[in-house]
Protein chains: 2
Amino acid sequence: MSWRKDQGRAERGYHHGNLKEALLQAALDLISKKGPAGFTFADAARMAGVSPAAPYRHFRDRDELIASIAQRGFEQFESLLTQAWDDGRPDTVTAFERVGKAYLAFAREEPAFYSAMFESGLPVDSNPTLMAASERAFAIIRAAAERLAALAPPGMPRPPAMMMALHIWSMSHGVASLFGRGDAARRKLPMSPEDLLEAEVLIYLRGLGFPTERRPGAAPTDEKPSGDRSGPWGKAK
Amino acid sequence: MSWRKDQGRAERGYHHGNLKEALLQAALDLISKKGPAGFTFADAARMAGVSPAAPYRHFRDRDELIASIAQRGFEQFESLLTQAWDDGRPDTVTAFERVGKAYLAFAREEPAFYSAMFESGLPVDSNPTLMAASERAFAIIRAAAERLAALAPPGMPRPPAMMMALHIWSMSHGVASLFGRGDAARRKLPMSPEDLLEAEVLIYLRGLGFPTERRPGAAPTDEKPSGDRSGPWGKAK
DNA sequence: CAGCTCATGTGAACGGCTTTTACATGAGCC
DNA sequence: GGCTCATGTAAAAGCCGTTCACATGAGCTG
């Protein structure tokens, strides 16, 4: 936070000094308030205290600004997922669930990033660096799926990790985009999005033959659980 | 198709005669081409051959037009799902899978409807009739889940049908919105969205204790399958 | 058929947005 | 000290959404 000029209204000369950052920040504010459609290039400029033409020195057009935000979003997303996955500690299933929760937390706490990344209608394949960032984020989920697949019970055919990763991603995105954000598209739920997704993933993993009873402790040993008889939907009302 | 005037350019008097329909149709065309954000009220008017102010005789504003489209979308969606479900014939699991395929087919073949329904950023709860239409569509999925839950194997605790319905919905929406449409947000897949979703749902159902081997025939008897050893991911590459 | 009425369409206008162009400023470098 | 170029501004064109006063004519009433 060592900006040379305080953001916005502070007296500043002809040159802003940090316009690109200020515009990205303003856009994030605006998008989180009014969605990516409601966000306006001119508004961001106004919020940064510059003329409507100034942003064009830093972004080819409005779409490029949104793409920049999506790019940063994927980077933060990747970092968050990496941290949640924590290389599968303390055990694979626990870490996997933590990734699911992190996914929802990101969608809820960074709605502007999430919208820019998944709901802005930008053609993903038009921007190679954007697609690369997106794939790096997905790679975390895929790596986690790989580890999970590796310890599939020997009796069953091993599921393809890529498919598992896509399944998990679609569940997470489905829950996040239908029920995840408080403001828009609110629909009544009998349980929290987090619990809904957790149950969904646990049932899915059980369908693949994984033991999904409550994990006993922190140790990666997959033992029989104690007397906790609650299934994956223990928290449903 | 008994429109009094042929659509569009045909010589017509001061009054269009079918403007509301023509506008909805034009909007569908435009949205399917350029997304709900790219769609323009003025464009729709132009396409219908009227002045930019004319649409305001039929819709309070642009959002109301989009809401109208979403409304119709939910109605068509409900009808399509009802037809696919076919009251659970020939057997519950087969019918259930048909519903999943119908979901994806709708998202792919009616991208304009789908966008208006789920990606337009309209506040769903602001419009009661819209929300009602949305709930009627969801009710089909819920009814199917109810039937499925009813025949859960006796050994296991019965899953709440509402939760199952939400899970299925989130899977379907997740797959549809991440991988479903050809144009936008294309990501490489090792299998078709349909196969991806089918495998996902089958694994999930198996996690609930349902027998999900290949169904033997049309009879609703749930017998042991023949020698088909393919799991739910038989089609993955 | 005459006349009235009201739904439906028009034209002009306002303000806002995006984007471009010519011009202004001043930060950093020689 | 002076040059240069990135970065800002002002003005303008073209589009859009929306509103308002006004025009038209379809359909009813008698």
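Quick caveat: nothing in here was measured; it's all calculated off a predicted structure. Each chain gets a letter, A, B and so on, in the order its sequence line appears, and its residues count up from 1.
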Undergrad: Is the shortest side-chain heavy-atom distance between A:Leu197 and A:Lys101 below 4.5 Å?
TA: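 Side chain of A:Leu197 against side chain of A:Lys101, heavy atoms only: no contact under 4.5 Å found.
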Undergrad: For A:Leu24 and A:Ser68, what are the C-alpha separation, side-chain angles and deciding distance, and is it a side-chain contact (heavy atoms from CB on, under 4.5 Å)?
TA: CA-CA 8 Å; A:Leu24 286 167; A:Ser68 275; 4.0 Å; yes
Undergrad: Find the distance A:Tyr56:OH to D:dA11:C1' and express it as a whole number of Å.
TA: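 Taking atom C1' of D:dA11 as the reference, OH of A:Tyr56 is at 15 Å.
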Undergrad: What parts of residues 30-45 of chain A reach DNA chain C, counting only heavy atoms under 4.0 Å away?
TA: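 Result for residues 30-45 of chain A: A:Thr40, A:Phe41, A:Ala42, sorted by number.
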Undergrad: Please lay out, stage by stage, how A:Val99 and A:Tyr103 fare under the test side-chain contact (heavy atoms from CB on, under 4.5 Å).
TA: CA-CA 6 Å; A:Val99 170; A:Tyr103 194 113; 5.6 Å; no
Undergrad: Find the distance A:Phe59:CZ to C:dT18:C1' and express it as a whole number of Å.
TA: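 Distance check: A:Phe59 CZ to C:dT18 C1' gives 16 Å.
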Undergrad: Can you give me the bend angle of the helix from C:dC1-D:dG30 to C:dC30-D:dG1? Use the axis through the first five pairs and the one through the last five, nearest 10 degrees.
TA: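 Here the helix ends are tilted 10° relative to one another.
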Undergrad: Quick one: do A:His167 and B:Tyr204 satisfy side-chain contact (heavy atoms from CB on, under 4.5 Å)? Show the steps, please.
TA: CA-CA 10 Å; A:His167 284 163; B:Tyr204 172 84; over 6 Å; no
Undergrad: If you measure only the distance, is there a donor-acceptor pair under 3.5 Å linking the side chains of B:Glu119 and B:Ser177?
TA: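 Side-chain D/A pair, B:Glu119 to B:Ser177: absent.
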Undergrad: Working to the nearest 0.5 angstrom, can you tell me the gap between B:Glu135 CD and B:Ile140 CD1?
TA: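 Between atom CD of B:Glu135 and atom CD1 of B:Ile140 there are 12.5 Å.
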Undergrad: Which ring-ring contact (aromatic ring centres under 6.0 Å, His included) pairs, counting each pair once, include a residue from residues 118-146 of chain A, with sequence neighbours left out?
TA: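 Non-adjacent pairs meeting ring-ring contact (aromatic ring centres under 6.0 Å, His included): A:Phe74-A:Phe118, A:Tyr114-A:Phe118, A:Phe118-A:His173, A:Phe138-A:Trp169.
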Undergrad: For A:Glu78, does its backbone N or O pair with a side-chain atom of A:Thr82 as donor and acceptor, under 3.5 Å?
TA: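 Indeed, once roles are kept as given, a pair shorter than 3.5 Å links the two residues.
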Undergrad: Please confirm whether the shortest side-chain N or O distance from A:Arg46 to OP1 or OP2 of C:dC17 is below 4.0 Å.
TA: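 A:Arg46 to C:dC17 OP1/OP2: side-chain N or O found under 4.0 Å.
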Undergrad: Could you tell me the separation between the CG atom of A:Leu19 and the P atom of D:dG8, rounded to a whole number of Å?
TA: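 From A:Leu19 CG to D:dG8 P: 5 Å.
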Undergrad: Could you tell me whether a side-chain N or O of B:Ser79 sits under 3.5 Å from a main-chain N or O of B:Glu75, the two making a donor and an acceptor?
TA: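 No.
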Undergrad: Answer yes when A:Asp43 and A:Lys33 have at least one side-chain N-carboxylate O distance shorter than 4.0 Å, and no when they do not.
TA: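 No salt bridge links A:Asp43 with A:Lys33.
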Undergrad: Specify whether A:Phe41 and A:Phe59 have parallel, tilted or perpendicular ring planes, treating 30° as the upper limit for parallel and 60° as the lower limit for perpendicular.
TA: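 Rings of A:Phe41 and A:Phe59: perpendicular, over 60°.
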Undergrad: Can you name the atoms? Protein N/O to nucleotides 22-25 of chain D N/O, anything below 3.5 Å, with the distance.
TA:
| from | atom 1 | to | atom 2 | distance (Å) |
| --- | --- | --- | --- | --- |
| D:dA23 | N3 | B:Tyr14 | OH | 3.1 |
| D:dT24 | O2 | B:His15 | NE2 | 3.2 |

Undergrad: Could you walk me through whether B:Leu166 and B:Ile141 pass side-chain contact (heavy atoms from CB on, under 4.5 Å), step by step?
TA: CA-CA 9 Å; B:Leu166 293 171; B:Ile141 299 179; over 6 Å; no
Undergrad: Please determine, for the side chain of B:His58, which listed nucleotide (D:dG8, C:dG9, D:dA11) has the closest atom?
TA: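 Within the option list, the nearest is C:dG9.
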Undergrad: From the set C:dG11, D:dG8, D:dC16, return the single nucleotide nearest to any side-chain atom of A:His16.
TA: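 The listed nucleotide nearest to A:His16's side chain is D:dG8.
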Undergrad: Looking at the side chain of B:Ala53, which of C:dG9, D:dT19, D:dA10 is the nearest nucleotide?
TA: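 So the side chain of B:Ala53 is nearest to D:dT19.
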Undergrad: Which residues in residues 60-69 of chain A have a heavy atom closer than 4.0 Å to any atom of DNA chain C?
TA: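 Result for residues 60-69 of chain A: A:Asp61, A:Arg62, sorted by number.
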Undergrad: Does any pair with a residue in residues 49-62 of chain B pass side-chain hydrogen bond (donor to acceptor under 3.5 Å, both in side chains), and if so which ones, sequence neighbours excluded?
TA: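 Passing the test, one end in residues 49-62 of chain B: B:Arg60-B:Glu64.
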